[in-house]
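Data first, discussion second: the structure below is written as structure tokens.
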Number of protein chains: 2
Amino acid sequence: MQAATAPKRMTRQKAAIQAAVMSSCDHPTAAVLCDRVRAVIPNISLGTVYRVLGALSEEGAVREISVPGAPSRYDKTTCAHAHFYCSACGSVTDVDVDEDALIRHADCACGGAVIEDAEVIFRGLCAKCKGVNQ
Amino acid sequence: MQAATAPKRMTRQKAAIQAAVMSSCDHPTAAVLCDRVRAVIPNISLGTVYRVLGALSEEGAVREISVPGAPSRYDKTTCAHAHFYCSACGSVTDVDVDEDALIRHADCACGGAVIEDAEVIFRGLCAKCKGVNQ
DNA sequence: ATAATAATAGTAACGATTATTGATAAGGAG
DNA sequence: CTCCTTATCAATAATCGTTACTATTATTAT
């Protein structure tokens with residue numbers, strides 16, 4: 001019998017991409033992840049990185065962080081948390097905000113809708129860039 | 001002598017675009033706004049709409065709502081509030097969440113950074129689409 | 001090992017947004 | 001008002017992030 005749901009194959013590429021995300025302490029873009037994986041698989045394609053990241057995102061293994069006007073970042077999923085985007089250097093850092101409580105609160109505010117997900121992103125200048133920027 | 005700061009000109013185009021945003025009860029995209037303004041200025045360019053919206057956004061007259069994977073929406077700035085994006089029909093609605101409190105709380109969480117702005121976007125199914133979607 | 005087929009590399013295509021360019025018109029000086 | 005400067009315009013090309021396509025490769029079941 002075959003799996004009726006989803007045929008999955010573990011490939012070197014997928015394993016390497018997942019490992020790259022899991023071992024990242026920053027919040028790399030798909031392009032950066034592609035560069036890092038190329039240390040192991042030199043000719044891996046950016047399209048593959050995007051496709052695998054999309055799959056990992058759907059199965060909940062990684063989290064995609066959409067940044068307005070900038071490429072998405074990817075994060076190993078721990079607990080739900082918000083993100084801070086520095087508009088000067090482009091770095092993304094974690095911010096401890098109770099996202100679940102936010103969703104629960106908003107649930108009351110929009111009657112009838114089903115909230116599946118929330119994205120909280122702060123924008124501004126990080127501590128480093130605040131000092132530099134005249 | 002010339003103005004050293006910022007030369008601003010009020011044009012029919014800018015006035016019409018601003019009026020279109022101010023009189024919108026929904027959250028139109030740049031393309032939709034362009035269509036609406038074309039009722040008044042038939043040959044206005046989408047590029048102009050984008051440029052003017054960018055300027056209005058910088059001067060704080062309108063607010064850009066970035067929706068991951070979909071074109072940005074524009075809103076007249078009232079008080080800070082979050083948005084709900086229906087992944088089925090693409091509609092964007094307001095959600096009453098105290099964004100200022102969120103920023104104040106996050107301010108403590110990320111030491112040293114200057115938070116200028118926050119974007120809170122919920123994703124899911126709106127009341128209408130929840131019923132339709134089998 | 002072999003066959004079936006999911007996943008890949010490479011590249012083309014796509015949609016949203018931005019930049020470029022020559023033409024137009026706003027606004028101040030005379 | 002007329003002229004001049006130059007910000008803004010319409011049109012279009014270019015850019016960027018991301019996705020789709022296709023021939024080929026590699027994984028898994030047998």
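Please read these numbers as outputs of a predicted model, since none were measured by experiment. Below, chains carry the letters A, B, ... as their sequence lines are ordered, and counting in each starts from 1.
Between A/Arg51 and C/dT8 there is a side-chain polar atom (N or O) within less than 4.0 angstrom of OP1 or OP2. Using a 4.0 Å cut-off, some side-chain N or O of B/Thr48 falls inside it from OP1 or OP2 of D/dA10. Residue A/Thr11 places at least one side-chain N or O closer than 4.0 Å to OP1 or OP2 of C/dT8. Phosphate contact (OP1/OP2 of D/dT18, side-chain N/O of A/Tyr50, threshold under 4.0 Å): present. The side chain of A/Gln13 contributes no N or O atom lying less than 4.0 Å from OP1 or OP2 of D/dA26.
Connectivity analysis of hydrophobic side chains (ILVMFWY, heavy atoms under 4.5 Å, direct or indirect) links A/Val52 to A/Ile17, A/Val21, A/Met22, A/Leu33, A/Val37, A/Val40, A/Ile41, A/Ile44, A/Leu46, A/Val49, A/Tyr50, A/Leu53, A/Leu56, A/Val62, A/Tyr74.
Between A/Glu119 and A/Ser66, the shortest heavy-atom distance links the atoms OE2-N, 2.7 Å.
The residue among B/Gly47 and A/Ala30 whose nearest nucleotide of DNA chain D is located toward the 5' end is B/Gly47.
Connection of A/Ile121 to B/Ile115 is not established within any shared hydrophobic cluster, with ILVMFWY side chains joined at heavy-atom distances below 4.5 Å, either directly or through further cluster members.
Of the candidates D/dA10, D/dT18, C/dA16, the closest approach to any side-chain atom of A/Ser72 belongs to D/dT18. Out of C/dT8, D/dA10, C/dG10, the shortest distance to the side chain of A/Val52 is found at C/dT8. Closest approach to the A/Arg9 side chain among C/dT8, D/dG17, C/dA7 is made by C/dA7 (side chain taken as heavy atoms from C-beta onward). If you check C/dA9, C/dT17, D/dT12 against the side chain of A/Ser45, the one that comes closest is C/dA9.
Rounded to an integer number of Å, the gap from CZ of A/Arg73 to P of D/dT18 is 10 Å. Straight-line distance from the CG atom of A/Asn43 to the P atom of D/dT24: 16 Å, rounded to whole Å. The separation between A/Lys14 atom NZ and C/dA9 atom C1' is 18 Å, rounded to whole Å. The nearest whole Å value for the distance from the CG atom in A/Leu53 to the P atom in D/dG17 is 15 Å.
The shortest side-chain heavy-atom distance between A/Ser24 and A/Arg36 falls under the 4.5 Å cut-off.
Salt-bridge annotation for B/Lys14 and B/Glu59: present, with a side-chain N of the basic residue lying under 4.0 Å from a carboxylate O of the acidic one.
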